[in-house]
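FYI, the numbering just counts along the sequence from 1. Reckoned from all heavy atoms, side chains included, excluding hydrogens, waters and symmetry mates. Model, not experiment: these values are computed from the prediction.
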Amino acid sequence: MATYPGKDIEREASCASCAACGQTTLAPAEAAAAAWEGPAARIVAVEPESPADDAGFTPGCYLTTVDGEPLRDIIDWRWLAADDVICVGYIDLDGEAGEVELEREPGERWGFEFDGVLFDSVKLCRNACVFCFMRQLPDGVRPSLVLRDDDFRLSFLSGTFVTLTNLKPEDEARIIEQHISPLRVSLHASEPELRRRMIGKHAAHGLAALDRLLAAGIEAHAQIVLMPGVNDGEALRETLEWAWERPGINGVGIVPLGFTKHQTALHESFTTPEAARGVIDVIAPFQQRARAERGAPWVFAADEFYVNAFGAATPAHIPPASDYGDYDMFEDGIGIVRSYVDEFEEVCENGLAARAAEALAARNLTARYIIGEAMQPFLDAMIAASPLAGRLVPLTVRNDYFGGNVNVTGLLTAQDIAPAIQAASEEEGSASSREQGSDGGRSNRASSAANGNVQWTFPQSEDCLSELECPAALPGQAEGNRELFLLPSVIFNDNGVTLDDMTVQDIENAAGAPVSVVSCNPCDYLPEIIKLAQDEP
């Protein structure tokens with residue numbers, strides 16, 4: 001599951017009506033598109049001097065058809081607009097519908113940029129998965145976070161996993177005709193009754209559809225959400241054997257059950273070293289056979305299994321980069337640790353880590369990099385043994401918002417991050433006070449956020465994350481050793497808000513300290529840290 005819903009799901013959930021957008025009336029083109037009997041693709045940009053520009057298209061117009069065929073999504077557009085002469089149906093800014101012929105030179109782009117990749121409704125999930133994360137969210141989250149999609153098009157375009165239980169015959173025919181491949185398919189279990197208990201009464205339909213698609217040449221990446229005592233152990237072996245017998249399944253990713261405190265049915269996952277190593281041991285023979293017969297491990301355990309099994313020693317036990325190939329399952333938490341470890345070693349070897357440490361030292365700065373608890377066991381040890389020791393100090397934040405076993409950085413919220421920053425800022429302020437006889441105003445600033453003006457209610461900023469670098473310092477900052485608080489960009493969605501709808505400015509207001517947003521990988525965030533340090537007074 002992706003950390004955040006895509007643009008199409010955000011729009012589907014929040015803009016189902018003009019009232020949801022705060023609009024009282026629709027523009028003529030919008031009204032005409034809403035009344036159109038089929039899907040309509042809203043144009044958000046037109047490339048200058050392109051065929052689209054030459055034909056007079058502008059942002060705000062809509063495309064409705066290509067050569068008489070409806071445009072349901074970007075896949076249709078790529079499929080239908082492959083020729084160099086096409087006839088497109090449109091709705092112009094005045095709400096008038098028509099058709100126009102477009103022509104391009106071989107290899108030339110048509111020049112349209114659309115609003116999202118789906119032009120009709122998102123296909124929704126009809127399952128009742130016992131482990132569904134969206135059913136475990138707290139009350140009051142924004143609608144897009146609980147909109148449960150199960151759309152094969154987003155599986156192909158965005159890498160989300162689908163069960164195929166909602167496929168209609170015409171969907172299967174389209175997937176085969178347009179060769180929408182590979183798909184990412186939620187497998188979970190191959191034994192019919194076990195799978196039915198896990199995902200609901202339509203489970204058999206999904207497996208049958210997968211078999212038909214595989215037989216027609218469609219490829220798939222499979223995912224298994226592993227539940228202790230349910231589909232692990234012998235059931236996992238049976239599922240992997242089932243998948244191995246189908247060469248069209250390019251690989252299988254195994255992720256541990258995630259659960260929050262906002263439910264009562266789920267209480268444990270593979271968090272102990274013994275449980276995590278047990279899963280690694282089960283898949284080892286399959287990996288050995290796959291390397292010998294197919295040249296790659298084929299089945300992969302999510303990084304959490306290795307971190308839970310080996311703790312601080314994880315870098316020595318995580319599989320090599322060659323096992324992960326093109327990191328096809330990166331978004332599912334498979335290969336992230338290996339990639340991070342390799343990049344960290346690279347920046348230590350090429351001198352970038354040392355340059356960052358020098359830049360911080362020159363301004364008496366410590367970079368406090370916000371992370372979830374999942375990274376803490378091995379990241380602390382790596383940094384302590386590097387040139388960045390004492391200058392890059394992870395600020396590990398417990399996820400109390402979701403609770404349960406949720407501990408990855410990407411699921412941290414402002415409601416947990418801001419108090420952690422405030423506490424660290426106050427601690428540093430107290431240390432400066434002891435050393436200098438003054439706190440430089442830092443403690444006062446933090447305590448006003450915690451005890452007077454904010455009270456951990458986060459003011460809703462009207463500004464989204466339009467600029468990643470926030471002010472480097474607040475007035476009155478201490479002249480001794482100071483801290484840069486750094487937020488990994490993965491915490492924010494494309495609109496610049498956290499999962500609890502807070503902006504960077506909201507976090508600063510609540511924490512009483514300036515923060516900056518940086519990248520998630522050492523090769524990228526260390527140059528950003530150097531620039532931030534150099535910009536400090």
Side-chain angles (χ1 to χ4, degrees), residues 1 3-4 133 136-138 226 228 255-263 266-277 279-280 301-318 330-341 344 366-385 388 392-425 427 483 485-492 498-500 502 507 511 515 518 520-522 525:
M1 180 188 298
T3 304
Y4 292 101
F133 194 80
Q136 304 180 47
L137 299 183
L226 206 62
V255 300
L257 167 71
F259 60 90
T260 78
K261 68 182 181 182
H262 304 284
Q263 51 80 47
L266 307 171
H267 306 285
E268 61 177 329
S269 191
F270 300 87
T271 53
T272 67
E274 296 76 18
R277 290 176 189 175
V279 175
I280 295 171
D303 294 352
E304 291 112 304
F305 290 107
Y306 294 96
V307 176
N308 292 342
F310 302 108
T314 297
H317 294 275
I318 203 81
F330 195 85
E331 294 296 326
D332 305 294
I334 296 174
I336 294 176
V337 172
R338 168 45 61 197
S339 175
Y340 192 97
V341 169
F344 197 86
T366 300
R368 301 302 307 272
Y369 192 77
I370 307 298
I371 62 169
E373 292 179 317
M375 292 187 68
Q376 187 272 331
F378 66 92
L379 186 57
D380 284 353
M382 287 173 55
I383 293 176
L388 288 160
L392 176 63
V393 180
L395 178 54
T396 304
V397 178
R398 178 185 298 274
N399 197 320
D400 289 324
Y401 180 81
F402 289 116
N405 69 336
V406 179
N407 61 4
V408 296
T409 302
L411 293 180
L412 287 174
T413 64
Q415 295 182 40
D416 291 328
I417 292 170
I421 291 175
Q422 186 189 60
S425 181
E427 181 180 352
E483 292 181 317
F485 292 102
L486 309 176
L487 303 178
S489 58
V490 71
I491 291 170
F492 301 91
T498 59
L499 285 166
D500 54 346
M502 304 301 166
I507 294 174
V515 299
V518 297
C520 301
N521 304 314
Y525 71 61

Mind listing the closest non-hydrogen atom pair of [X] and [Y] along with its distance?
| X | Y | value |
| --- | --- | --- |
| A309 | R277 | O-NH2, 2.9 Å |
| P488 | I370 | CG-O, 3.1 Å |
| Y401 | D416 | N-OD2, 2.8 Å |
| C520 | S489 | SG-OG, 3.8 Å |
| F402 | T413 | CE1-CG2, 4.2 Å |
| V255 | D332 | CG1-O, 3.7 Å |

Would you say the side-chain atoms of N407 pair up with the backbone N or O of G372, donor to acceptor, closer than 3.5 Å?
no
Is a donor on one side and an acceptor on the other found under 3.5 Å between the side chain of S269 and the backbone of T271?
no
To the closest 0.5 Å, what do you measure between [atom1] ([X]) and [atom2] ([Y])?
| X | Y | atom1 | atom2 | value |
| --- | --- | --- | --- | --- |
| L487 | R368 | CG | CZ | 12.5 Å |
| S339 | F344 | OG | CZ | 13.5 Å |
| N405 | H267 | CG | NE2 | 12.5 Å |
| L226 | E304 | CG | CD | 11.5 Å |
| F259 | L257 | CZ | CG | 6.5 Å |
| T396 | E373 | OG1 | CD | 7.5 Å |

Give the C-alpha distance, both sets of side-chain angles, the deciding distance and a yes or no for side chain to side chain contact (heavy atoms under 4.5 Å, CB included) between V515 and I421.
CA-CA 9 Å; V515 299; I421 291 175; 3.7 Å; yes
In L412, N399, L395, the residue satisfying side chain to side chain contact (heavy atoms under 4.5 Å, CB included) with I417 is L412
Taking the side chain as every heavy atom from C-beta outward, state whether P377 and T314 have any pair of such atoms under 4.5 Å apart.
no
Are side-chain heavy atoms of I336 and F330 found at a separation under 4.5 Å?
yes
Before you tell me yes or no, could you show the steps for Q376 and D380 under side chain to side chain donor-acceptor pair (under 3.5 Å), namely the whole-Å CA-CA distance, both residues' side-chain angles and the distance that decides it to 0.1 Å?
CA-CA 6 Å; Q376 187 272 331; D380 284 353; 2.8 Å; yes
Go through the steps to decide whether L266 and Q136 satisfy the test side chain to side chain contact (heavy atoms under 4.5 Å, CB included), and finish with yes or no.
CA-CA 10 Å; L266 307 171; Q136 304 180 47; 3.7 Å; yes
Please walk me through it: do F492 and T498 pass side chain to side chain contact (heavy atoms under 4.5 Å, CB included)?
CA-CA 5 Å; F492 301 91; T498 59; 3.7 Å; yes
Applying side chain to side chain contact (heavy atoms under 4.5 Å, CB included), run through F310 and I280 and close with a yes or a no.
CA-CA 11 Å; F310 302 108; I280 295 171; 4.0 Å; yes
Would you call the rings of Y340 and F378 parallel, tilted or perpendicular, where under 30° means parallel and over 60° means perpendicular?
perpendicular
Taking the six-membered ring for Trp, are Y369 and F485 closer than 6.0 Å centroid to centroid?
no
